[in-house]
Amino acid sequence: MDHTALIALVGNPNAGKSALFNALTGARQKVGNYPGVTVERKIGQMDLDDGRTIDVVDLPGTYSLDPKSPDEVVTRNAVFGHQSGERAPDVLVIVVDAANLDNHLRFALELIALGRPCVVALNMVDLATRDGLELDAKRLAEDLGVSVIPTVAVRRRGLDHLRAAITAALPEHTAPAPVHIEHADRDEAALRREARRIAARAIVSETPSRRLTARIDRVVLHPVIGPLILLALLFVIFQAVFSWSEAPIAMIEEAFAALEGLIEETLPAGFLTDMLTQGVIAGVGSVVVFLPQILILFFFILMLEATGYMTRAAFLMDGLMARAGLSGRAFIPLLSSFACAVPGIMATRTIPDPKDRLTTILIAPLMTCSARLPVYTLIIGAFIPNRDVWGGIGLQGLVLFALYVAGIVSAIIVAVLLRLGVVKGGGGSFLMELPKYQMPLLRDVLIGLWQRALIFLKRAGTIIFYTTILLWVLLSFPKPPADSGLRAVDYSAAGRIASVLEPVLRPIGFNHEISLALIPAMAAREVAVSALATANAIDAGDDEEATAQSLADRLRGRWSLPTALAFLTWFVFAPQCISTIAITRRETNGWRWPLFMVGYLFVLAYIASGIVFWTATALGL
Amino acid sequence: MKADDLRLDHLAPNRPAYVDRIDWAAMTEADGARLRELGLDEGASIELLHRAGWTGRGAHACRVGRMIVAMRAAHAAAITVRTDGASGEAAGRT
């Protein structure tokens, strides 16, 4: 064989493709995008028993080769060998849910009819057994005319046999050529009848089962109890983000403090030492310290997805979403936006209606993304007392929860207004499969967390690192004359730029320091924290007492409570994230909608911050 | 639709039925195609499991074969079901 073989995992949504991909490739996987589109490309490597290493691509789930969304177009094109950035697959591994054979076999038959080498992974056979199904894989293989391997991807069962079947199916020596894309003129009804017939033959026995999914659904989909469980779950998540992260945050802070001490001891005093300690460590360290909170949030999101609960949440929320002119399907992208608006906006591709999708994109930045957490936790930690208000519920966690709720309520109001105005018409659809519940595999969740941690640390090591150094230079130079009595930060280039912005922001309670932090925070919200940290480190200079004070202590001494509350409110709305603006441009194919989004969010941020500042001042807070 | 037709949105929960016919004209072409891909077509076995919302007019969760499918009440209203016997194509297979 003179090329690295490629196998493609393809199948219906919820067939367990991603779990199989993780089981086959382990940590040897990369997540990127297909060129020109924002569809996620997951590729990894696996070893065959004969010593060869081959590539494995996990294609987006779809129900047929008749695509209805950009994800499904990629799957169709990749299967036919026409997808840009992907070579034609040597073998298709068709992943079907053993407990849902008649439905999944319809697509499998369509794929087998293409004539490419195929292997069927009869996945989740354990759940089929749990549901009282006994299947005959041999008879199924005879009827389909291809190898059928029973697997339980999450428990790594059947993988050796699957690898052997893939090896046997790999064609020798030649790379596969793309094939002509055939447009659907098949007899749909006949295909479905055939799928049902084959599925019925494969079922040896079907006994009444424990129906675990039905029992859980009776509780979590209950019209009254269900929404209460969802609300409680969200509340627990946000409390955990705060309480579980305390110890690891302290460890990271100690590590950065030790590194700073080491640099000061090792290097001579001067420009380089100042830049490293006041710029890089103060700036990057102040952002990296929030990694535990971001990972805790992602842990819950990944767990909700892996258990099958996430689609139940969409089911419960559809009624509310419909009133806001959205689909329940928008709930998943919006919930993802709590971690980061970029994957959230990318996830809107699963919303078939273009206007539903556009509205969801435009409100996604109102969901409280993890980049806001550094800002929120710094200000809450500095200004909100750390005490219990009732039954062990912390006041700080409650304020954080209120900020999340403020984002959600604003998003609903904005969506209603958008659907009445600029994004009028269309919509009204919600059709999705609710998968069976299953116990998530910790390994898969850890792989997901590892990928998210890498993305976050890469941001900290690139955009935040460079912005921090640039900001340190702008904040450090020019130096004020020795006997002028002027603060170094005010006299610096950055200080002068902030002075231009300050008159616009002063009416809503923002001081010079905030004006200064908001400029670099256009790149990413969390830069506001590193900017405040860097400015404070420079401002403290050689004053040991001031240096020893934490950033929170110093802010408490210089900001009023109304200013702090206005600052928090600003970050509920302000579109301070270049990545979100860029992804919106890509997803909407132009500048019209990202500019509209940036405009309306800044106006909202200004008005809301002003209202909070004026009200808090009037109340004497 | 005739007066004595039983619509899916009016079906009692957990009562086995099968799809008699679907008013494809009551939905968009894309929604119709997705419904078919989810196994909803004439003869499929179906059972209403849950209605979301206090008024019962929220999303409907139905068992279609061995799959649970969520849809809005408007789509459920376009599906006429029959509960007499267990004679649907899909229901009859087991």
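Lettering follows sequence order; numbering is per chain, from 1.
With values rounded to the nearest 0.5 angstrom, B/Arg34 atom CZ is found 6.0 Å from A/Tyr63 atom OH. Note that the CZ atom of A/Phe107 and the CD atom of B/Glu37 stand 9.0 Å from one another [nearest 0.5 Å]. Atom CZ of A/Arg218 sits about 7.0 Å away from atom CG of B/Asn14, to the nearest 0.5 Å.
Taking A/Arg323 as the reference, nothing meets the salt bridge (charged side-chain N to carboxylate O under 4.0 Å, His left out) condition, with sequence neighbours excluded.
With a 4.5 Å cut-off on non-hydrogen atoms, A/Asn14 does not touch chain B at all. Heavy-atom distances place no part of A/Thr311 under 4.5 Å from chain B, backbone and side chain included. Looking at A/Ala195, there are no atoms closer than 4.5 Å to chain B (heavy atoms on both sides), in backbone or side chain. In this structure, chain A has a heavy atom under 4.5 Å from the backbone of B/Arg51, while its side chain stays farther away. With a threshold of 4.5 angstrom between heavy atoms, A/Arg312 approaches chain B through side-chain atoms but not through N, CA, C or O. For B/Leu38, the parts lying near chain A are the backbone and the side chain together; criterion is any non-hydrogen pair under 4.5 Å. Contact annotation for A/Asp318: both backbone and side-chain heavy atoms come within less than 4.5 Å of a heavy atom of chain B. The contact between B/Ala61 and chain A is made by backbone and side chain atoms together, counting heavy-atom distances below 4.5 Å.
Contact check on B/Asp41 versus A/Arg196 returns a salt bridge, with a Lys/Arg side-chain nitrogen under 4.0 Å from an Asp/Glu carboxylate oxygen. Ionic pairing of B/Arg63 and A/Glu433 is not present here: no N-O contact between side-chain nitrogen and carboxylate oxygen is shorter than 4.0 angstrom.
Of all non-hydrogen atoms in A/Pro223 and B/Gly53, the two that sit nearest each other are CB-O, 3.5 Å. Shown here for B/Asp31 and A/Leu431, the closest heavy-atom pair between the two residues is O-CD1, 3.6 Å.
Per-residue heavy-atom pair counts under 4.5 Å with chain A were compared for B/Ala59, B/Ala33, B/Ala70, and the maximum is reached by B/Ala70.
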